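Working notes, structure below.
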Amino acid sequence: MLAQLLGFCAAIRAEVPPPLAVVEPVKVGLDTANLGEIETAVAVAIEERKCPGCVVAIGRGSQLGYLRAFGNRSVEPSPTPMTTDTVFDLASLTKPIATATSVMKLIEAGKLKLSDPVSSHLPEFKTEGKDAITVEHLLIHQGGLIADNSIADYQLGPEVAWQRLAGLKLTAPVGTKFIYSDVGFMVLGELVRRLAGKPVDEFSKQEIFTSLGMQETGYRPNADLRLRAAPTEQRNNEWIQGEVHDPRANLLGGVAGHAGLFSTAADVARYAAMMANSGEYAGVRVLKEETWRDMTTARSVSSGKRGLGWDMKTGYSTNRGTSMSERAFGHGGFTGTALWIDPETRLFVIFLSNRVHPNGKGAVNPLAGHIGTIAADSIIASQN
């Protein structure tokens, strides 16, 4: 009986992996003095009103060697200090973390293939020459779809919005041009819903976030998490706090394939550690190694290199550390977020801010990229 009880307890522990330990930088092979440059860079950005504040987390393997909060969570209507447990609107980090990873899970389950025409699963999407668009085309933004369709298409609710999306015309021949498209990831979100039998928020929580112990990650945060959320701008004369900033995702009820995910630095670190370690974290395997490899292998697009749901080297890579390896992959978010992972060194760099607070005029991609460069340059050569 005792052995059975111990085995049951061990199984429970395995189901919910522990948070990443925060250790001295040198214990993960990072030079402490080099990392000190981050404080100066962030201070300058805050002084120049590039953002009110931010949280930076840097890790290697399954440990964090750096976790700090800077500046303020809000500056209006009154200043509130930033904390490391601040909840952020991740914006387009939703694309790789929730949507693309969900798509990869469905591929693992045998429910679709990268080469599948999207219309084979969503027949109403077949119009206007879109029958040639595959799942892979959407994941690398080469489907020929418009970046964003009219906001008016969303004002009559999700069902009408989907009808409008399904009826869109191509803006470029399929497979010929990289067009960073929110529309494409909204279609992927609908694909997840159809094949999984549940919306992307529920599927990603079940298959990714709960498995990794990411208890403060998800769409539509609860009341407690909203209290810790970093506000963005005003909508209808009220501060947006704990509700999605993206106007289209907001009109879709807060759940979409391109935006809507919220999280903290510690939770994003769990996901990042999993992706830095070939799909596994603390004994929990989220992606098979071959699936992870496929997701993070560079594909040539018309303006550079992309992974499946990930940026690698394109015009959107200004938030990438310049000295990261060729294998590095990452993404940014409109609200002021960025995540980059380098499997060559098992380094991951998380930058979370609400740069759009209070007036939408902040700009942090160069700062996030600079911090990524500092982190990559801080790797001690003997521990590379």
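Everything numeric in this text was worked out from a predicted model, so none of it was measured.
The minimum heavy-atom distance linking Leu106 with Val192 is given by the pair CD1-CA, 3.9 Å. The shortest non-hydrogen separation linking Gly336 to Ser353 is O-OG, 2.7 Å. Among all heavy-atom pairs drawn from Val174 and Ala132, the shortest one is CG1-O, 3.7 Å. Taking all atoms of both residues into account, the shortest heavy-atom contact from Leu261 to Ala98 is CD2-CB, 4.2 Å. Minimum heavy-atom separation, Ala230 to Arg73: CA-CG, 3.7 Å. The nearest pair of heavy atoms linking Leu352 to Thr264 is CD1-C, 3.9 Å.
Rounded to the nearest 0.5 angstrom, Leu145 CG and Lys177 NZ are separated by 13.0 Å. With rounding to the nearest 0.5 angstrom, the CD1 atom of Ile151 is 8.5 Å from the CG atom of Asn250. For the atom pair Leu122 CG and Leu165 CG, the distance stands at 11.0 Å (nearest 0.5 Å). Rounding to the nearest 0.5 angstrom, the gap separating the CG atom in Leu287 from the CG atom in Asn277 is 12.0 Å. Note that CG of Asn365 is 9.5 Å distant from OG of Ser317, once rounded to the nearest 0.5 Å.
At a cut-off of 3.5 Å, with distance as the only test, no side-chain donor of Ser204 or Ser102 sits close to an acceptor on the other residue. When only modelled atom types and interatomic distance are considered, Thr83 and Thr86 share a side-chain donor-acceptor pair under 3.5 Å. When only modelled atom types and interatomic distance are considered, Thr335 and Asp89 share no side-chain donor-acceptor pair under 3.5 Å. Donor-acceptor pairing under 3.5 Å is lacking for the side chains of Ser119 and Asp131. In the model, Lys305 has no side-chain atom that pairs as donor or acceptor with a side-chain atom of Thr314 under 3.5 Å. Remark: the Thr296 side chain and the Arg327 side chain contain no N/O donor-acceptor pair separated by less than 3.5 Å. There is no side-chain donor-acceptor pair under 3.5 Å between Ser378 and Tyr66.
Not a single donor-acceptor pair under 3.5 Å links the side chain of Asn236 to the backbone N or O of Glu238. Thr99 contributes no side-chain N or O that, together with a main-chain N or O of Pro96, makes up a donor-acceptor pair within less than 3.5 Å. Between the Arg285 side chain and the Ser278 main chain, a donor and an acceptor come within less than 3.5 Å of each other. Of the possible polar contacts, one joining the Arg355 side chain to the Gly362 backbone as a donor-acceptor pair under 3.5 Å is found. Without hydrogens or angle criteria, Lys130 side chain to Leu168 main chain gives a donor-acceptor distance under 3.5 Å. No donor-acceptor pair closer than 3.5 Å links the side chain of Ser181 to the backbone N or O of Gly144. When atom types are taken as modelled, the side chain of Arg220 and the backbone of Gly253 share a donor-acceptor pair closer than 3.5 angstrom. Arg320 places a side-chain N or O within 3.5 Å of a backbone atom of Met312 that can act as its donor or acceptor partner. In this structure, the side chain of Arg226 engages the main chain of Pro221 through a donor-acceptor pair within 3.5 Å. A donor-acceptor pair is defined here as one N or O able to donate and one able to accept, closer than 3.5 Å; such a pair exists between the side chain of Asp246 and the backbone of Ala249.
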Q: Carefully, step by step, assess Trp162 and Glu124 under the rule side-chain hydrogen bond (donor to acceptor under 3.5 Å, both in side chains).
A: CA-CA 10 Å; Trp162 170 245; Glu124 65 274 34; 2.7 Å; yes
task = Please report the C-alpha distance between Thr101 and Tyr271 in whole Å, then the side-chain angles of each, then the deciding distance to 0.1 Å, and finally whether the side-chain hydrogen bond (donor to acceptor under 3.5 Å, both in side chains) criterion is met.
result = CA-CA 10 Å; Thr101 310; Tyr271 177 89; 2.8 Å; yes
- prompt: What's the verdict on side-chain hydrogen bond (donor to acceptor under 3.5 Å, both in side chains) for Thr322 and Thr373, showing C-alpha distance, side-chain angles and the deciding distance?
  reply: CA-CA 5 Å; Thr322 56; Thr373 299; 3.1 Å; yes
**Request:** Dump the intermediate steps for salt bridge (Lys or Arg N to Asp or Glu O under 4.0 Å) on Arg293 and Glu290, then the final yes or no.
**Result:** CA-CA 5 Å; Arg293 188 177 300 110; Glu290 56 266 34; 5.6 Å; no
key: Phe348 and Met275: CA distance, side-chain angles, deciding distance, side chain to side chain contact (heavy atoms under 4.5 Å, CB included) verdict   = CA-CA 9 Å; Phe348 53 90; Met275 290 299 295; over 6 Å; no
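No more than 12 heavy atoms of other residues, nucleotides or ligands lie within 6.0 Å of NZ in Lys205, so this atom counts as exposed by the packing criterion. Heavy atoms of other residues, nucleotides or ligands lying less than 6.0 angstrom from CD of Gln63 number more than 12.
The side-chain heavy atoms of Pro231 and Asn354, taken from C-beta on, include a pair separated by under 4.5 Å.
Scored by the side-chain contact (heavy atoms from CB on, under 4.5 Å) test, Ala338 finds Asn319, Phe351, Ala368 as partners (sequence neighbours excluded). Partners of Thr84 by side-chain contact (heavy atoms from CB on, under 4.5 Å), not counting sequence neighbours, listed by chain and number: Leu67, Ala69.
For residues 211-247, the pairs satisfying ring-ring contact (aromatic ring centres under 6.0 Å, His included) are Trp239-His357, His245-Phe334, with sequence neighbours left out. The list of ring-ring contact (aromatic ring centres under 6.0 Å, His included) pairs with a residue in residues 124-155, not counting sequence neighbours, reads His141-Phe178, His141-Tyr180, His141-Phe185. The ring-ring contact (aromatic ring centres under 6.0 Å, His included) pairs that include a residue from residues 70-91 number zero, where partners must be two or more places apart or lie in different chains.
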In a table with atom names and distances, give each donor-acceptor pair under 3.5 Å that connects a side chain of residues 32-54 to protein atoms at least two apart or in another chain.
{"from": "Asn34", "atom 1": "ND2", "to": "Asp377", "atom 2": "O", "distance (Å)": "3.3"}
{"from": "Glu39", "atom 1": "OE1", "to": "Arg68", "atom 2": "NH1", "distance (Å)": "3.3"}

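Under the 4.0 Å criterion applied to side-chain N and carboxylate O atoms, Arg248 and Asp182 are not assigned as salt-bridge partners. The existence of a salt bridge linking Asp294 and Arg299 is confirmed by a sub-4.0 Å separation between a basic side-chain nitrogen and an acidic carboxylate oxygen.
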